[in-house]
Structure formats: C-alpha cells, structure tokens
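Residue numbering restarts at 1 for every chain, and letters A, B, ... go by the order of the sequence lines.
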Amino acid sequence: MTLKTVPLLTETACVDPDTTLSDTLRQMLARQTNHIPVCSDGVWVGLVDIRAILGELLPVSARIEHGLPDLGFVGDGLSLLATHFRALKTRTVRELDLPALPTLREDTPILEAALMLYREGSPLPVLDPAGRLKGMLSRRSLLAHLAARLGDA
Amino acid sequence: MAATLPQAVLGLPPLAVSLGIFVATYAAIVTERINRSVVALLGAGLMVFSGVLNQREAFHGIDFNTISLLTGMMVIVSLTQKSGVFQYVAIKAAKLVRADPWGLLVMLTLVTAVFSALLDNVTTVLLIAPVVLLITDSLRINPYPFLFSVILASNIGGTATLVGDPPNIMIGSAAHLTFNDFLVHLAPVVAVVLAATLIPIYLVWGRKLSASAEDRALVMGFDERGSITDRRLLRQSLFVIALVIAGFVFAHPLGQEPGTLAMFGAALLLLLRVYDKDAETQSHLIHHTFGEVEWITLFFFIGLFVVVAGIEKAGALQWLAQRIVEWTGGDFAVTAYVILWVSALVSAVVDNIPFVATMIPVIQNLSGVFSPHEIQTLWWSLALGACLGGNGTLVGASANLVVAGLAERAGHPIRFVPFLVMAFPLMLMSIAITSVYLWLRYL
C-alpha cells in the first residue's frame with residue numbers, strides 16, 4: 001500500500017519565497033497551523049515552521065552557535081521584540097534558512113512513510129514526479145488513516 | 001639511554017632530514033588541509049623515527065611549563081565563564097557610559113583588552129562578541145566597528161601579560177621571564193598602542209555613531225545582575241583567579257613556575273565545584289570540564305615542540321642565528337628591529353605559535369653574541385611582533401577568525417579585504433609605536 005491511498009493535507013496552500021514573514025505568520029495564525037509549505041510556481045522549496053519566525057524576533061546574538069546563553073538581564077525586552085516584529089514586514093521567506101526536509105512520493109510505501117515521519121518529524125511533503133507539491137502528510141493524518149483502515153485489527 | 005648522535009639517517013645528514021620534516025610540517029599546518037595537531041604529532045613522530053631525536057630527547061623538548069599553564073588556564077576559564085561574569089562586566093561597562101555608542105565602543109574595547117590580558121583571546125571574544133551584537137542590535141547601530149575593535153583589542157590586550165597570549169607563555173617559559181617582567185616591560189606600550197588604535201577608529205567610524213535616546217534607554221534597562229547565572233561559582237572562580245594571579249605576581253620570590261600555579265588553581269576550582277557532590281555527579285562535572293579543554297591546541301603545542309627540538313638538535317637554528325648575526329652585522333638595535341618587524345609581518349599571515357616556537361631557540365643561540373640584558377630586549381621584540389602582528393589580517397590570529405565566524409552567522413560578515421584595508425595599517429602603526437618604545441627604553 002502506498003501513499004496514494006492516504007488522504008493528504010491538500011488544503012494547505014503554499015507561500016512564495018518572496019512572501020513577507022509577516023504575511024506568512026498571518027496565514028499560519030489564520031489557519032491555526034505551525035507550518036506553511038513554500039513553493040515556487042508550485043514546485044516544492046521547503047517548509048516554514050512557526051519556530052523560525054519566532055527566532056527572527058529574538059536577538060541574533062542569542063540564536064547563533066556560541067551566542068548568549070540567556071537573556072534574563074534584558075528584562076521583558078518588549079521594545080526589542082517590537083523592533084524585530086516590525087521588521088517582519090520587510091523580510092521574506094527567502095531569507096530564512098529552511099531545513100532540508102526529506103520528501104515523499106505518492107508511490108512511497110506506507111511503512112517507509114511512517115518510518116520517515118517517525119524519524120524526521122511532521123509534516124512531510126508529498127511530491128509528484130515533477131517535484132510539485134501534492135500535499136502534506138502528518139503523523140496525525142497517517143494515524144487517522146490507519147485507524148480508520150485497520151480499525152481494531 | 002644515550003643521546004642520539006648526529007649521524008647520517010637513512011644515508012642522509014640529520015640536518016637535511018630534520019629540515020625536511022620541519023618544512024613539510026609547517027607547510028601542512030599553513031595549508032590547513034589536515035588538522036594542525038595531527039600534522040604536528042606526525043612531524044614529531046617522524047623526528048623520532050628518523051633518528052634525529054630519541055624519545056627522551058623528544059620529551060625533553062616539550063615545554064611542560066607552557067602546556068600546564070595553558071591547560072590550567074583553560075580549565076579555570078571554562079568553569080568561570082559559566083557564571084556569566086563576562087557578560088556582567090560587558091553590560092556594566094555599557095551602562096557606565098550610558099550606552100553612548102562611542103563610549104560603548106571604547107569601554108568594550110577596554111574590557112576585551114583587559115580580559116585578553118588575563119585569559120585566552122579566543123574565549124574572551126567568544127564571550128564578549130555576543131554581548132556586542134546584542135547591544136548594537138538594541139541600539140540599532142552597525143556592529144562592524146565594535147566587532148573590529150574587539151578583534152584588535154583581544155590581540156593588543158593579550159600582548160600585555162605572560163598569560164595573555166600563547167607566544168608570551170612560550171617566551172616567558174623559555175626565557176624565564178616572569179608575570180611581573182611582562183607587566184613592567186610590555187603593559188605600558190600595550191596601553192599606548194590600545195589608545196592610539198582608538199584614534200583612527202574614531203575618525204573612521206566613531207564620530208558617526210549615534211543612537212536614539214529611546215534605544216539607549218533600552219540598553220540602560222538591562223540588568224547586568226541577571227547575567228550572573230551561578231553566584232556561588234562566581235565567588236569561587238574570582239577567588240581562584242585572584243589566587244592564581246597573585247601567585248603569578250609573587251612566583252619569582254616564591255620560587256614557583258606559572259605552570260604549577262595554573263594547574264593547582266584549576267584543581268582547586270574543580271575541588272570547590274565538586275566537593276559537596278556525590279561521586280557520580282563529581283565524575284560527570286569533571287569529565288565535562290576536561291572535555292572543554294582544547295586538547296587540539298595542547299597536542300599541537302606538544303608536536304610542535306618536538307619538531308622544533310629536532311631542528312635545533314640538528315643545528316639548523318644555530319645556523320640561522322649565525323646568519324642573523326651576519327646579516328645584521330651583529331648590531332643589537334638592527335637585530336631587535338628585524339625580529340620585531342619580521343615577527344609582526346609573518347604573524348599577520350600565518351599562525352604565530354610555530355613561528356615563535358622556532359624563533360625561541362634562535363634567540364637563545366644569540367646569547368653568545370649579545371649580553372643578557374640585550375637578549376631580554378630581543379624577547380620583548382619577539383613578543384610584541386608576534387602578538388601585535390596578529391591584527392594585520394583576518395587570518396592573523398585565531399580570535400580574529402572566531403569573531404568573523406560569529407559575525408557571519410549574525411548576518412554581519414567581516415570580509416578579508418575590508419578588514420585588511422583598515423587593520424593592516426593599524427598593525428603597522430602599533431609596530432611603529434613599539435619600535436619607538438624599544439628605542440627609548442632599550443636601544
């Protein structure tokens with residue numbers, strides 16, 4: 001059995017790499033999701049995680065390797081956060097360092113897909129042979145499919 | 001075991017074999033294709049296998065005073081930094097000048113220089129640079145001038161004391177120069193160089209720096225006490241550091257060596273950290289602390305010492321010392337300046353540690369030509385040139401590359417050529433200042 005039989009999260013729309021981070025965040029909040037796929041003319045580019053956008057609000061000195069271990073001395077830092085939040089309007093998804101996610105195909109066996117979701121995280125993109133995004137497969141959607149199909153077996 | 005006689009090795013003279021190993025080792029170190037500690041250890045092994053040295057001579061060539069001083073200070077710094085004291089000092093310094101951008105640059109430069117004088121440069125910049133990035137981010141000003149100044153200050157400050165930079169540790173150990181000797185002879189000119197370096201920095205960047213009152217208020221709102229994450233560790237670390245530095249200052253009358261003092265201090269601090277913990281926690285803490293020691297650097301030193309011992313035994317460095325006397329006509333002042341300027345120019349482009357390791361026996365071999373007082377001046381020339389030369393290019397010192405790496409990851413890259421355009425003339429200026437100092441005081 002392959003992923004062809006599994007319902008994917010197809011209602012997820014992609015954002016373009018030139019979409020601003022503030023628009024991307026707005027879409028995540030509106031859809032109540034923590035991820036949004038990034039596509040260029042329908043071709044898969046990567047996945048923006050809400051954690052990445054949160055990171056952009058933090059001082060870079062705390063995010064980098066060998067950076068500041070904590071920011072307790074800054075206080076609530078609201079004005080610092082506000083400055084970086086306003087900057088989201090002019091920064092784009094293209095500037096983010098998107099993680100290299102493994103991709104799935106429609107003909108990927110379900111067991112392999114389950115293993116990748118277990119190891120690599122969720123959700124993962126399912127692409128067609130041309131690299132265009134068919135949909136996203138999450139752990140929940142796979143388990144829901146298996147629960148419906150396999151029942152109490 | 002009898003010392004190895006200088007006989008032909010594999011049919012070749014020991015001098016040729018040792019020089020071949022020496023050149024190959026140094027070339028491999030410069031290319032950075034293979035980790036330098038591996039290269040140095042291989043070179044050391046070849047010196048023994050080829051018969052240039054036997055094992056006893058190889059071990060004798062290792063300056064364990066330097067190794068133990070480095071190790072001890074690494075442990076002490078590794079533990080101390082976890083208290084947050086470095087961040088505390090940097091933030092406090094920023095608030096002392098009310099977050100005024102130029103005042104901030106001066107204070108962070110001073111803080112970096114002082115820390116670098118007492119601790120290793122790389123650790124200093126690793127701790128200061130992130131604070132610099134945070135403060136400049138908060139003030140919404142370009143961090144480049146600040147990071148540039150931190151780089152220069154780390155190398156300048158490290159020149160001032162025995163423990164500030166590995167070349168000084170090596171020179172001090174070989175020449176039996178004390179912590180006080182370095183303070184008395186180098187700290188004054190280092191202070192002048194640091195002050196003079198700030199002038200061009202002010203002219204190029206400083207006078208254009210500005211921040212809004214609102215942004216400065218943000219920085220003034222930082223609570224530096226919040227950066228202290230472990231008050232007990234802070235007290236313990238400061239106690240041990242004060243003890244170790246006092247030991248350095250009084251080492252000569254006490255008849256003690258810096259290596260022993262540093263290792264004892266490290267052991268004492270470890271004891272204070274673990275004495276009230278169970279065995280498993282103790283083991284974990286100590287294992288973790290020793291894991292943070294830069295073994296790559298230590299084994300690099302060990303291998304290097306053996307390689308240099310090899311060419312020294314083969315007579316290469318004595319030959320070089322004789323050539324230097326010929327080229328300079330035995331003129332003391334010329335020799336001092338040649339060592340100063342050549343050290344600076346070489347250190348600007350290659351690692352100064354192998355260079356200094358090679359120059360130490362060369363200067364020792366000049367003791368037949370110059371008086372002890374004059375030889376001591378040559379040591380100062382070597383220390384000043386080798387340490388300050390590191391400011392010449394981005395690859396001149398490890399601390400430079402560390403800051404550049406941090407800056408790159410923070411989105412404010414420090415490129416080689418722009419850095420060179422500003423830093424190289426400043427380095428030349430610092431060597432010119434030290435040239436005047438040498439002339440006024442010793443020549």
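Counting non-hydrogen atoms of neighbouring residues, nucleotides and ligands closer than 6.0 angstrom, the OH atom of B:Tyr144 exceeds 12 such neighbours. Heavy atoms of other residues, nucleotides or ligands lying less than 6.0 angstrom from CZ of A:Arg140 number 12 at most. Heavy-atom neighbours of B:Ile296 CD1 from other residues, nucleotides or ligands within 6.0 Å: at or below the threshold of 12. Residue B:Phe416 places its CZ atom among more than 12 non-hydrogen atoms of other residues, nucleotides or ligands, all under 6.0 Å distant. Atom CG of A:Asp41 sits in a sparse spot, with 12 or fewer heavy atoms from other residues, nucleotides or ligands closer than 6.0 Å. In this structure, A:Arg139 places its CZ atom where more than 12 heavy-atom neighbours from other residues, nucleotides or ligands lie under 6.0 Å away. Residue-environment remark: CZ (B:Arg232) exceeds the threshold of 12 foreign heavy atoms within 6.0 Å. Annotation for A:Leu29: atom CG counts as buried by contact number, over 12 foreign heavy atoms lying within 6.0 Å.
For the atom pair B:Leu406 CG and A:Ile64 CD1, the distance stands at 4.5 Å (nearest 0.5 Å). The structure places CG of B:Asp137 at 8.0 Å from OG1 of A:Thr83, a figure rounded to the nearest 0.5 Å.
For the set B:Leu133, B:Leu134, B:Val219, the count of heavy-atom pairs under 4.5 angstrom toward chain A peaks at B:Leu134.
If you measure heavy-atom distances from B:Leu127 to chain A, you find no contacts under 4.5 Å at all. Looking at B:Val131, the atoms closer than 4.5 Å to chain A (heavy atoms on both sides) sit in the backbone and in the side chain alike. If you measure heavy-atom distances from B:Arg140 to chain A, the contacts under 4.5 Å come from the side chain alone. Contacts of B:Leu218 with chain A are made by side-chain atoms alone, with heavy-atom separations under 4.5 Å and no backbone atom involved.
The shortest heavy-atom contact between A:Val60 and B:Arg409 is CG2-O, 4.1 Å. For the pair A:Asp70 and B:Gly226, the tightest heavy-atom approach, listed with the atom from each and the gap, is OD1-O, 4.1 Å. Residues A:Ser61 and B:Pro130 share a closest heavy-atom pair of CB-O, 3.1 Å.
Here the side chains of A:Pro69 and B:Lys82 are not in contact, with every heavy-atom distance at 4.5 Å or above.
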